[in-house]
There are 2 protein chains.
Amino acid sequence: MSRPVRLLLADDHPVVRSGLRALLSTEPDLTVVAEAATAREAVAVCARESVDVVLMDLQFGSGMQGVEATAAIVARPDAPRVLVLTTYDTEADILAAVEAGATGYLLKDAPPEELAAAVRAAAAGRSALAPAVAHRLIDRVRAPGVALTPRESEVLRLVADGLSNQQISRRLHLSQATVKTHLVHVYGKLGVESRTAAVAVARERGLIRR
Amino acid sequence: MSRPVRLLLADDHPVVRSGLRALLSTEPDLTVVAEAATAREAVAVCARESVDVVLMDLQFGSGMQGVEATAAIVARPDAPRVLVLTTYDTEADILAAVEAGATGYLLKDAPPEELAAAVRAAAAGRSALAPAVAHRLIDRVRAPGVALTPRESEVLRLVADGLSNQQISRRLHLSQATVKTHLVHVYGKLGVESRTAAVAVARERGLIRR
DNA sequence: CCCGGGATCAACCCTTTGGTTGATGGCGGC
DNA sequence: GCCGCCATCAACCAAAGGGTTGATCCCGGG
């Protein structure tokens, strides 16, 4: 056993950062070297300090989100591993995080031992998926599942918030034509014919959280 | 300053419990005497131990939820105060918690000082609302309570299920014109301009449940 | 290297929805 | 008895949404 694993905690909740710090401090081979309360700060810390593993939340209150930060962090040479640690296990979120370059995906209600094990796995370059998350992915593969692309999910979520196509196009810096295209694809995949029906079905299948 | 405030932490996330414990341990007048990983356990602990304030999450994975536990805890004589501590601040959740007997309502992203202050306020019997939460309630009070008529609610619920005006008219044995009239009234009362927005607002205000 | 899928946009057409005006009947309260 | 509210419906117009075709670009896999 050589030097300890150097950790960065990136989460906008002070409670969560303290909790992780407390839980991980009992592990002699793990050291928390920094905390970040915003995604942007997490990227900055990784750029100037030597970090082995980042525990990254996906939701930050505003500004840059966890997925973007993950992509920015792993883009550099000698980048740390990023372990996504979030409350939800929506398929779209998991896929987006993995695509952005996350090494693993954990849920915040995971038992502490699982947490420490995942950090060690990530530090060693191995992938770490929480059992619950792994289950979802397996179900996903087995059920010819409705696989919405990240962009489609994003648009659908804004629809669920009551936005019009025009508002969505402005929010995402797209043309209305593109929004419509995404929605038509969503309707096809969900087997519906209107935006409200799509929202209803997506809610039922857990594709949308509030 | 007499004896310290005795706290119970009720949350299904080990990370959150540890975080709260760590953050509150720096306050000499506050003592965490127990933790509960389920709502049922929280009720049991309150029944057999002397607790002054309960920090209660609303969402537990399964089984009893925070609102029910809150009601059960405050029902007994000499009950501890319950401080709800959750991630979301939807109006429906806040109202439900307050109705169940919660003394205060905090968000998990609140700064640690605010947290400690709220606990002391609760212990002293004072109400504690996070500023963000208070804002919501004020908005709610200022906006006159939207009272949808029974028929309007019925139509809106079918809209939320994804039905078109035509489908609704058949389901309720009405003409489409009548459905439209009801919806226009609903839009006016909710302050929106489309059916999806109406569903979003209604969900937020708890006018619709799944 | 080509192919497929994701993401982007345009132009077109048709249907649905939203907004307005106006009208009828019933029910409850003052 | 009148007024207000709820519920019902019609006709009409403007706007938004839904459906189709087709096109470009980029990327990663075989």
Side-chain angles (χ1 to χ4, degrees), chain A residues 67-68 70-71 74-75 91-102 140-141 144-202 207, chain B residues 144-202 207:
Chain A
V67 174
E68 304 166 60
T70 299
V74 300
E91 292 172 6
D93 285 344
I94 300 171
L95 287 181
V98 171
E99 273 171 27
R140 167 80 148 64
V141 172
V146 190
L148 295 186
T149 68
R151 204 54 162 168
E152 285 164 357
S153 301
E154 202 173 0
V155 171
L156 181 55
R157 226 163 281 153
L158 293 178
V159 169
D161 285 340
L163 276 65
S164 68
N165 289 347
Q166 193 177 56
Q167 290 173 313
I168 294 171
S169 72
R170 280 201 283 261
R171 181 79 68 90
L172 299 182
H173 308 292
L174 295 176
S175 80
Q176 294 186 46
T178 306
V179 174
K180 285 173 63 172
T181 302
H182 286 310
L183 282 181
V184 167
H185 291 160
V186 169
Y187 299 158
K189 289 180 179 178
L190 297 186
V192 298
E193 293 177 325
S194 76
R195 61 210 286 109
T196 41
V199 171
V201 169
L207 302 177
Chain B
V146 188
L148 296 185
T149 69
R151 206 54 163 168
E152 285 163 357
S153 301
E154 200 172 1
V155 171
L156 180 55
R157 223 162 288 145
L158 293 178
V159 169
D161 285 341
L163 276 65
S164 70
N165 289 350
Q166 194 176 56
Q167 291 173 313
I168 294 171
S169 72
R170 278 200 284 262
R171 181 79 69 91
L172 299 181
H173 307 293
L174 295 176
S175 80
Q176 294 185 46
T178 305
V179 175
K180 285 175 61 172
T181 303
H182 287 311
L183 281 181
V184 167
H185 291 161
V186 169
Y187 299 158
K189 289 180 179 178
L190 298 186
V192 299
E193 295 178 322
S194 76
R195 59 209 288 111
T196 41
V199 171
V201 169
L207 302 176

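A, B, ... follow the sequence lines: proteins, then strands. Residue 1 opens every chain.
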task: Check the distance between dC9(C)'s P and Leu183(A)'s CG and give it to me in whole angstrom.
output: 14 Å
Expected rows: protein N/O vs nucleotides 22-25 of chain C N/O, under 3.5 Å:
none

field: Chi angles and distances behind the side-chain contact (heavy atoms from CB on, under 4.5 Å) call for Leu190(B), Leu207(B)
entry: CA-CA 11 Å; Leu190(B) 298 186; Leu207(B) 302 176; 4.0 Å; yes
query: At under 4.0 Å between heavy atoms, what does Ser175(A) touch on the DNA or RNA strands: base, sugar-phosphate, or nothing?
result: sugar-phosphate
Under-3.5 Å N/O pairs linking protein and nucleotides 27-30 of chain C:
none

message: Tell me the closest heavy-atom pair linking Ala200(A) and Gly162(B), and the distance in Å.
response: CB-N, 4.0 Å
- prompt: With no angle test and no hydrogens, is the base of dG18(C) tied to the side chain of Lys180(B) by a donor-acceptor pair under 3.5 Å?
  reply: yes
- prompt: Hey, does the side chain of Asn165(A) come within less than 4.0 Å of dG17(D)'s phosphate (OP1/OP2), counting only N and O?
  reply: yes
- prompt: Given that Ser194(A) and Leu174(A) both sit by DNA chain C, which one's nearest nucleotide is further toward the 5' end?
  reply: Leu174(A)
task: Taking only the side-chain heavy atoms of Val184(B) (C-beta and beyond), determine which of dA10(C), dT20(D), dT20(C) contains the nearest atom.
output: dT20(C)
- line: Whole-Å distance, Glu154(B) CD to dC6(D) C1', equals 14 Å
- prompt: With sugar-phosphate meaning primed atoms plus P, OP1 and OP2, does Glu193(A) contact a base, only sugar-phosphate, or nothing at under 4.0 Å between heavy atoms?
  reply: sugar-phosphate
task: Specify the separation, in whole Å, of atom OH of Tyr187(B) and atom C1' of dT17(C).
output: 7 Å
task: Drop me the distance from Leu148(B)'s CG to His182(B)'s NE2, to the nearest 0.5 angstrom.
output: 11.5 Å
- prompt: For Ser175(A) and Thr178(A), does a side-chain donor sit closer than 3.5 Å to a side-chain acceptor?
  reply: yes
- request: Please report, rounded to the nearest Å, how far the P atom of dC9(C) is from the NE2 atom of His173(A).
  value: 11 Å
- request: When you get a sec, tell me which of dC9(C), dT17(C), dC9(D) is the closest nucleotide to the side chain of Arg195(B)?
  value: dT17(C)
- prompt: Can a side chain N or O of His185(A) be found less than 4.0 Å away from OP1 or OP2 on dG5(C)?
  reply: no
message: If we check side-chain hydrogen bond (donor to acceptor under 3.5 Å, both in side chains) with Asn165(A), which of these qualifies: Arg170(A), Lys180(A), Arg195(A)?
response: Arg195(A)
field: Salt bridge Arg151(B)-Glu154(B), side-chain N to carboxylate O under 4.0 Å
entry: yes
task: With heavy atoms under 4.0 Å as the rule, sort Thr149(B) into base, sugar-phosphate or nothing.
output: sugar-phosphate
- line: note: Glu152(A), atom CD; dA7(C), atom P; distance rounded to Å ~ 6 Å
Chi angles and distances behind the side-chain contact (heavy atoms from CB on, under 4.5 Å) call for His185(A), Thr181(A): CA-CA 6 Å; His185(A) 291 160; Thr181(A) 302; 3.6 Å; yes
task: For His182(B) and dT17(C), give me the distance from atom NE2 to atom C1', rounded to whole Å.
output: 16 Å
message: Output the rounded distance in Å from CD (Gln166(A)) to P (dG18(C)).
response: 16 Å
message: Pick the closest DNA chain D nucleotide for Thr178(B) and for Gln176(A) by heavy atoms, then say which residue is nearer the 5' end.
response: Thr178(B)
